There are 2 protein chains.
Amino acid sequence: MANKDIKKCDCTIIHEDVVNKVKENMPPEENLYDLAELFKVFGDSTRIRILYALSASPMCVCDIAALLNMSQSAISHQLRILKQARLVKYKKEGKVVYYSLDDDHVNQIFAHGLEHVKE
Amino acid sequence: MANKDIKKCDCTIIHEDVVNKVKENMPPEENLYDLAELFKVFGDSTRIRILYALSASPMCVCDIAALLNMSQSAISHQLRILKQARLVKYKKEGKVVYYSLDDDHVNQIFAHGLEHVKE
DNA sequence: TGTACATATGAACAGTTATTCATATATTTG
DNA sequence: CAAATATATGAATAACTGTTCATATGTACA
C-alpha cells in the first residue's frame with residue numbers, strides 16, 4: 001500500500017522498513033519543489049551579488065549595473081526573477097526604481113551558506 | 001580609481017557614492033561565486049528530496065531510488081554531485097553503499113528556506 | 001510637445017543540466 | 001569460476017537558463 005507507486009526504480013528495495021518510515025516523514029512534494037525553486041534563484045552568481053549588494057544598501061538599477069559591471073538589461077531581467085521570488089521589493093521615484101531586500105531569511109540563508117563555503 | 005572597471009554598464013551612475021561604498025563592502029568575487037555554486041546544488045528538487053530523506057536516515061542508493069520512484073542511475077548521478085559539494089558522505093558495506101548527510105549547515109539552510117517558502 | 005533618460009521586456013542564441021540508456025566495476029554467493 | 005546484484009559512469013538528448021540585442025514604456029524637463 002505504502003509502496004504502491006514504487007515501480008520505476010530498477011532495483012530491489014533492500015530496507016523496506018527504512019524506506020517506509022522515511023516516506024511517512026517526507027514533507028509534501030509541493031513544499032520540496034518550492035524549496036528547490038527558491039534555491040534555484042540563489043544559484044546564480046549575478047543574483048547572489050545583487051542580493052549581497054542590496055543587503056548593504058537599497059540601489060537603483062543603473063547603480064547595480066555599474067557596481068557589477070553588467071548591462072542594465074541583464075540586471076533588469078535578474079531583478080524580475082528576484083521580485084517574483086519575493087526576495088526584493090522596489091519603490092519607484094520618478095524615472096528611478098529603487099530595489100531593496102524584501103526578506104530577513106535572505107541574510108540568514110546567506111550566513112549558513114557562507115559558513116559551508118568557507119570551511 | 002575605484003571605478004576603473006565600470007564600463008560595460010550602458011547607463012549613467014546615478015549615485016556614485018553609494019556604488020563605491022557598497023563595492024568596498026562586497027565579499028571577494030570568489031566567495032560569492034562559490035556560494036552560488038552551493039545553492040545551485042540545492043536548486044533541484046531531486047537533490048532536495050535526497051537531502052531531506054537523508055536528514056531522516058542514512059540510506060543506500062536502491063532505497064533512495066525506491067523512495068523517490070526514480071531510476072538507480074539518476075539517483076547515483078545526483079549523489080555524485082552532492083558528494084562533490086561535500087553535502088553527503090558515504091560508507092561502503094559489501095555491495096551496498098550507505099549515504100548520509102555530511103554537514104550540519106544543510107539542516108539550517110533548509111529550515112530558513114522552508115520558512116520563506118511557507119509564508 | 002519633443003527629447004533625454006531610467007527601466008522593462010520579447011526574441012534569439014549559447015551554454016548548462018537532468019535524465020535515460022547502455023555498460024562497466026565491484027562484491028557476494030552458489 | 002559463474003551468476004546475481006549494487007553501484008558508478010560515459011554518451012546522448014531534451015529542456016532550461018542567462019545574456020545580448022533591439023525596442024517599448026514611462027517620466028522629467030526644456
Side-chain angles (χ1 to χ4, degrees), chain A residues 7-16 18-19 32-33 36-51 58-85 88-100, chain B residues 7-16 18-19 33 36-37 39-51 58-85 88-100:
Chain A
K7 45 202 163 198
K8 218 173 167 186
C9 153
D10 52 2
C11 51
T12 316
I13 303 167
I14 304 182
H15 311 87
E16 198 172 347
V18 174
V19 173
L32 295 178
Y33 186 82
E37 288 303 303
L38 173 64
F39 286 126
K40 215 169 277 180
V41 176
F42 284 97
D44 175 85
S45 63
T46 298
R47 289 191 292 268
I48 285 280
R49 290 189 300 160
I50 293 175
L51 289 172
M59 281 195 278
C60 69
V61 180
C62 270
D63 287 343
I64 300 174
L67 173 71
L68 303 185
N69 193 29
M70 291 179 68
S71 74
Q72 173 271 322
S73 179
I75 299 299
S76 189
H77 277 297
Q78 297 301 350
L79 283 169
R80 182 163 46 82
I81 293 173
L82 293 170
K83 214 189 306 175
Q84 284 167 351
V88 303
K89 59 190 175 194
Y90 64 97
K91 196 172 61 168
K92 195 164 183 178
E93 287 186 11
K95 283 182 296 192
V96 182
V97 180
Y98 292 92
Y99 282 85
S100 56
Chain B
K7 46 203 160 194
K8 218 174 169 186
C9 153
D10 50 2
C11 52
T12 318
I13 303 170
I14 305 182
H15 311 88
E16 197 171 350
V18 174
V19 173
Y33 186 82
E37 288 302 304
F39 286 126
K40 214 168 280 180
V41 176
F42 283 95
D44 174 84
S45 62
T46 298
R47 288 192 292 266
I48 285 279
R49 290 188 299 159
I50 293 175
L51 289 172
M59 281 195 279
C60 69
V61 179
C62 271
D63 287 343
I64 300 173
L67 174 71
L68 304 185
N69 193 28
M70 290 179 67
S71 74
Q72 174 270 321
S73 179
I75 299 300
S76 189
H77 278 297
Q78 297 301 348
L79 283 170
R80 182 164 44 83
I81 294 173
L82 292 170
K83 213 188 310 175
Q84 283 167 352
V88 303
K89 60 189 174 197
Y90 64 97
K91 195 173 59 167
K92 196 166 181 178
E93 287 187 10
K95 284 182 296 194
V96 182
V97 180
Y98 292 92
Y99 282 85
S100 56

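Computed from a prediction, not measured in an experiment: that's the story for all the values here. Chain A is the first sequence line, chain B the second, and so forth, proteins listed ahead of strands; every chain is numbered from 1.
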Please give, in whole Å, the distance from [N] [atom2] to [X] [atom1]?
X        : N       : atom1 : atom2 : answer
Ile81(A) : dG10(C) : CD1   : C1'   : 14 Å
Ile64(B) : dA6(D)  : CD1   : P     : 14 Å
Met70(A) : dA8(C)  : CE    : P     : 15 Å
Leu82(A) : dT7(C)  : CG    : C1'   : 16 Å
Lys40(A) : dA15(D) : NZ    : P     : 15 Å
Arg80(A) : dA11(C) : CZ    : P     : 12 Å
Tyr90(B) : dA26(C) : OH    : P     : 13 Å
Tyr98(B) : dA6(D)  : OH    : P     : 11 Å

Looking only at the side chain of [X] (C-beta and beyond, no hydrogens), which of the listed nucleotides [options] gets closest?
X        : options                  : answer
Val61(B) : dT7(D), dA18(C), dA8(C)  : dT7(D)
Ser73(A) : dT9(D), dT9(C), dA18(C)  : dT9(C)
Val96(A) : dG18(D), dT7(C), dA8(D)  : dT7(C)
Ser71(B) : dT17(D), dA8(D), dT20(C) : dT20(C)

Whichever of His77(B) and Cys60(B) has its nearest DNA chain D nucleotide further upstream toward 5':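 Counting from the 5' end, the first nearest nucleotide belongs to Cys60(B).
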
Compare side-chain N and O positions of [X] against OP1 and OP2 of [N] and report whether any pair is under 4.0 Å apart.
X        : N       : result
Thr46(A) : dT19(D) : yes
Gln78(A) : dT19(D) : yes
Gln72(B) : dT5(D)  : no
Arg47(A) : dG18(D) : yes

Sugar-phosphate, base or nothing in reach of Tyr99(B), heavy atoms under 4.0 Å: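 Answer is sugar-phosphate: Tyr99(B) comes under 4.0 Å of backbone atoms only.
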
Atom NZ of Lys83(B): over 12 foreign heavy atoms under 6.0 Å: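 Enclosed: over 12 neighbouring heavy atoms sit under 6.0 Å from NZ of Lys83(B).
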
Rounded distance (nearest 0.5 Å) linking atom SG of Cys62(A) with atom CG of Leu67(A):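 Nearest 0.5 Å value for the SG-CG distance: 12.5 Å.
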
Between CD1 on residue Ile75(A) and CG on residue Asp63(A), distance to nearest 0.5 Å: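 That separation rounds to 11.0 Å.
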
Where Ala74(B) and Ser71(B) come nearest, the two heavy atoms and their spacing: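 Here Ala74(B) and Ser71(B) meet closest at N-OG, 3.0 Å.
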
Distance-only criterion, 3.5 Å: show the donor-acceptor pairs between side-chain atoms of residues 42-50 of chain B and protein atoms not counting sequence neighbours.
residue  : atom : partner  : partner atom : Å
Asp44(B) : OD2  : Thr46(B) : N            : 3.1
Asp44(B) : OD2  : Arg47(B) : N            : 3.1
Arg47(B) : NE   : Val41(B) : O            : 2.7
Arg47(B) : NH1  : Gln78(B) : OE1          : 2.8
Arg47(B) : NH2  : Lys40(B) : O            : 3.2
Arg49(B) : NH1  : Glu29(A) : OE2          : 3.0

Nearest-nucleotide comparison on DNA chain C, the residue closer to the 5′ end among Lys92(B) and Ala74(A):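 Result: Ala74(A).
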
